[in-house]
Amino acid sequence: MFIEAINHRATNPYIYARDKETIEIMLETKKGDVEAVELIFADPYDFKGDQWQYKTKQMIKTGSTQLTDYWKVSVQPEYRRLRYGFQCMDKDNTKIIVTEREFYKTIPSDIGNYFCMPYLHENDIFQAPDWVKDTVWYQIFPERFANGDSSLNPEGTIPWGSEEPSATNFFGGDFQGVIDHLDYLSDLGITGIYFTPIFKAYSNHKYDTIDYFEIDPQFGDKETFRRLVNECHNRGIKVMLDAVFNHSGYYFEPFQDVLEKQEDSRYKDWFHIWEFPVKAEGYPNYDAFGFVASMPKLNTANPEVKKYLLDVARYWIEEFDIDGWRLDVANEVDHTFWRDFRKVVKEVKPDAYILGEIWHDAMPWLQGDQFDAVMNYPFTNGAVAYFTTQQMDSQTFADSITNVLHMYPQNVNEAAFNLLDSHDTARILTMAEGNKDLVKLLYVFQMSFLGSPCIYYGDEIGITGDDDPGCRKCMEWDESKQDHELFRFVRRLIKMRKEVPGFGNCANFRFLEIDGNTVVYQKQASEGELIFVLNNSNQAKSIEVEALSNRKAIELFSNQEVLQEETKVKIEAFGYKCFQLHN
């Protein structure tokens, strides 16, 4: 047995509180090396004489990659305390006892050897808003969604969609345009809108904020925004705004004061200035977002800056009843600020959603004291590389998604923000080189995965676009130029996610088969079990699916009832099937 490959620490994501009674525990072992794992556990004070009264419980293999097997188990300690270890057995019945201190051949009696969960405190449990799990998001870049009030057009606005998007052109998108098309979003099945920044700014993207308490005049006024939020809420649609707290814009008043007064400015400590005089052209001599001189980094450790930004967070919830904040460049802001941010937001609206933009492993921000979720780019990277660009084989894809599922606790996965593309990336149809069949497979996978899925505006009708600024095209409202078949397909998936037990969230996910360019995965919930078969190739396939043997099922996409007497499933090129199983 390869004991050097056995991995566990008494911290997230290896052990965590699922709820106020339940603890979930995970162990990693070398792929195929261990046949069975038992949890050894008991209260640290449960003794009879000098004998610790431990119990054992079988762990379940919840996923495997080419390198690692993942094992999980749930326990409910009566007194919320736990000491625990693991008994691993290989195919030769050799047993190894895994403890925090070392490995043993027999179960040690000294409980000081074991891993420790001192106490399950309800305040420490990761708790994201329940409504997020069932939300389907739609990301809107306000300048490019719809022009509903031409009187607001910035100087130099050009006719809608008359040119390719650039870093500097304006087409006049506004709030009234969004209001005018809310019924379209309701028809699609959208229940959440994520707006990129709406605050007063110089650019068309608005990530260079001038005033965090004012709406950019090209979008409308506060009363129009209030009406937009109310109209959304009347349709069951949540509203999330983009908070750019890592940096401000060049024309942010405190930064302008620094440029004017230099060392004498009362705002000089609002920024990370290296030297004076401050030079705001070319390569800046102060911290900025990506060395972009027009986006000076804010000093969030400064008490005045912190108060200003926390007042912003409170204001837009109190005054307009928004439902969440998406936090731009969240990993470059200090943890102390985000902890205080969470306290302010949850005090005003306990079920507000706090979403961080982090492109890498985000466990430090997902301990329950900062964010409710992050933009799940590890999911995005694997799904897009496999289905859309086909730069990843099936085994590598399955490994990447299995790793994603085990890098965070289950309750974190259920609140994750699962996007496919955005204003920062090329659009999925462009990445797929126009192959709509690949995009459909990608949507099937996204909508049947754990977490909260997001659609980038226009993808559902076949809008294309390369990397920024190409991905920021005007929304196409000419129905003769919309892909209605793709729209209906996405709408149907969203409906299935909402109505079919286990199709969406709150279900265990695992890969069952990987065969060439075909993957089979299972969604299992208390209400039902689903088997998905996806063929990511241009040839028809026949694949063995043992889990379907002698099971009655409804094939959801064809709505046919089948008795799968054989285990072979035939599936067409770029085909997809979903079996709803009956015992």
Side-chain angles (χ1 to χ4, degrees), residues 138-185 190 193-232 237 239-244 248-253 256 292 294-295 316 319-320 322 326 328 422-424 427 456-459 461 463-466 468-482:
Y138 192 84
Q139 181 187 350
I140 290 179
F141 193 84
E143 217 283 318
R144 303 292 159 77
F145 187 66
N147 187 335
D149 185 351
S150 59
S151 69
L152 301 173
N153 288 356
E155 184 178 349
T157 295
I158 57 180
W160 194 257
S162 61
E163 294 181 8
E164 290 296 309
S166 75
T168 56
N169 56 12
F170 287 84
F171 295 93
D174 53 39
F175 291 152
Q176 187 60 52
V178 178
I179 293 171
D180 292 343
H181 295 285
L182 286 177
D183 288 343
Y184 167 88
L185 297 181
I190 297 304
I193 297 175
Y194 152 42
F195 287 102
T196 54
I198 66 169
F199 306 131
K200 187 176 181 181
Y202 179 80
S203 66
N204 56 26
H205 57 71
K206 312 301 181 190
Y207 280 95
D208 52 346
T209 310
I210 294 174
D211 190 332
Y212 291 83
F213 286 96
E214 294 297 329
I215 287 168
D216 194 284
Q218 87 156 92
F219 297 149
D221 57 22
K222 290 181 178 179
E223 286 311 306
T224 308
F225 179 64
R226 191 186 309 277
R227 183 158 55 91
L228 169 57
V229 174
N230 289 338
E231 291 286 346
C232 286
I237 297 173
V239 176
M240 178 166 63
L241 297 185
D242 210 324
V244 190
S248 73
Y250 177 84
Y251 294 104
F252 182 48
E253 186 175 325
Q256 287 293 303
V292 179
S294 61
M295 295 183 179
W316 292 94
E319 292 296 318
F320 301 94
I322 67 166
R326 181 264 189 187
D328 189 57
S422 73
H423 64 289
D424 287 325
R427 287 182 177 267
Y456 186 43
Y457 78 96
D459 282 352
I461 54 168
I463 288 183
T464 57
D466 218 325
D468 171 23
C471 56
R472 301 175 180 183
K473 282 184 180 177
C474 291
M475 178 66 175
E476 183 56 74
W477 293 113
D478 182 344
E479 292 190 7
S480 67
K481 297 179 181 179
Q482 294 178 347

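The analysis underlying the following values was restricted to heavy atoms, covering all of them including side chains, and did not include hydrogens, waters or symmetry mates. Residue numbers start at 1 and run along the sequence shown.
- Within a 6.0 Å sphere centred on CD of Glu319, heavy atoms belonging to other residues, nucleotides or ligands number more than 12.
- Summarising the geometry, atom SG belonging to Cys232 is positioned 11.5 Å from atom CD1 belonging to Ile190; distances are rounded to the nearest 0.5 Å.
- Distance check, rounded to the nearest 0.5 Å: CD1 of Ile198 to CD1 of Ile215 gives 4.5 Å.
- Across all their heavy atoms, Pro197 and Tyr207 have their closest contact at CD-CZ, 3.2 Å.
- The only option from Gln139, Arg144, His205 that meets the side chain to side chain donor-acceptor pair (under 3.5 Å) definition with His423 turns out to be Gln139.
- Between the side chain of Asp174 and the main chain of Asp149, a donor-acceptor pair closer than 3.5 Å is present.
- A pairwise comparison of heavy atoms in Ala146 and Trp477 identifies CB-NE1, 3.6 Å as the closest pair.
- Between the Tyr251 side chain and the Asp211 main chain, no donor and acceptor come within less than 3.5 Å of each other.
- Formation of a donor-acceptor pair under 3.5 Å by the Asp208 side chain with backbone atoms of Met295 is not found in this model.
- Phe195 is listed as a side-chain neighbour of Leu228, based on a closest heavy-atom distance under 4.5 Å.
- Here the closest heavy-atom approach between residue Pro142 and residue Ile140 is recorded as CD-O, 3.3 Å.
- The shortest heavy-atom contact between Pro154 and Gly172 is CD-CA, 4.5 Å.
- Contact check for Asn169 versus Glu164: no side-chain heavy atoms found under the 4.5 Å cut-off.
- For the ring pair (Phe, Tyr, Trp, His ring centres under 6.0 Å) test, no residue two or more places apart in sequence or in another chain qualifies with Trp160.
- Each of Lys200, Glu143, Glu155 was scored for a side chain to side chain donor-acceptor pair (under 3.5 Å) with Gln218, with one residue passing: Glu143.
- Contact record, Ile461 with Glu476: CD1-O, 3.4 Å, taken as the closest heavy-atom pair.
- Distance check: Asn147 CG to Phe171 CZ gives 11.0 Å after rounding to the nearest 0.5 Å.
- Applying the salt bridge (Lys or Arg N to Asp or Glu O under 4.0 Å) definition to pairs two or more places apart or across chains, those involving residues 213-228 are Lys206-Asp216, Glu214-Lys222, Glu223-Arg226.
- A distance of 3.5 Å separates CD of Glu163 from CD1 of Ile158, quoted to the nearest 0.5 Å.
- In this structure, Phe175 and Phe145 have side chains that are not in contact, with every pair of non-hydrogen atoms separated by 4.5 Å or more.
- To the nearest 0.5 Å, the span separating OG1 on Thr224 from CD on Glu231 amounts to 11.5 Å.
- Contact check for Tyr138 versus Ile237: no side-chain heavy atoms found under the 4.5 Å cut-off.
- Across all their heavy atoms, Gln176 and Gly148 have their closest contact at CG-O, 3.6 Å.
- Between the side chain of Asn204 and the backbone N or O of Phe170 there is no donor-acceptor pair closer than 3.5 Å.
- No close placement of the Tyr456 and Phe141 rings is indicated, their centers lying 6.0 Å or farther apart.
- Under the 4.5 Å side-chain criterion, counting only non-hydrogen atoms from C-beta, Tyr457 is not in contact with His181.
- Of the options Phe225, Trp316, Phe219, a ring pair (Phe, Tyr, Trp, His ring centres under 6.0 Å) to Phe199 is made by Trp316 and by none of the others.
- By the 4.5 Å heavy-atom criterion applied to side chains, Pro217 and Leu152 are not counted as neighbours.
- Distance check, rounded to the nearest 0.5 Å: OH of Tyr202 to OH of Tyr250 gives 10.5 Å.
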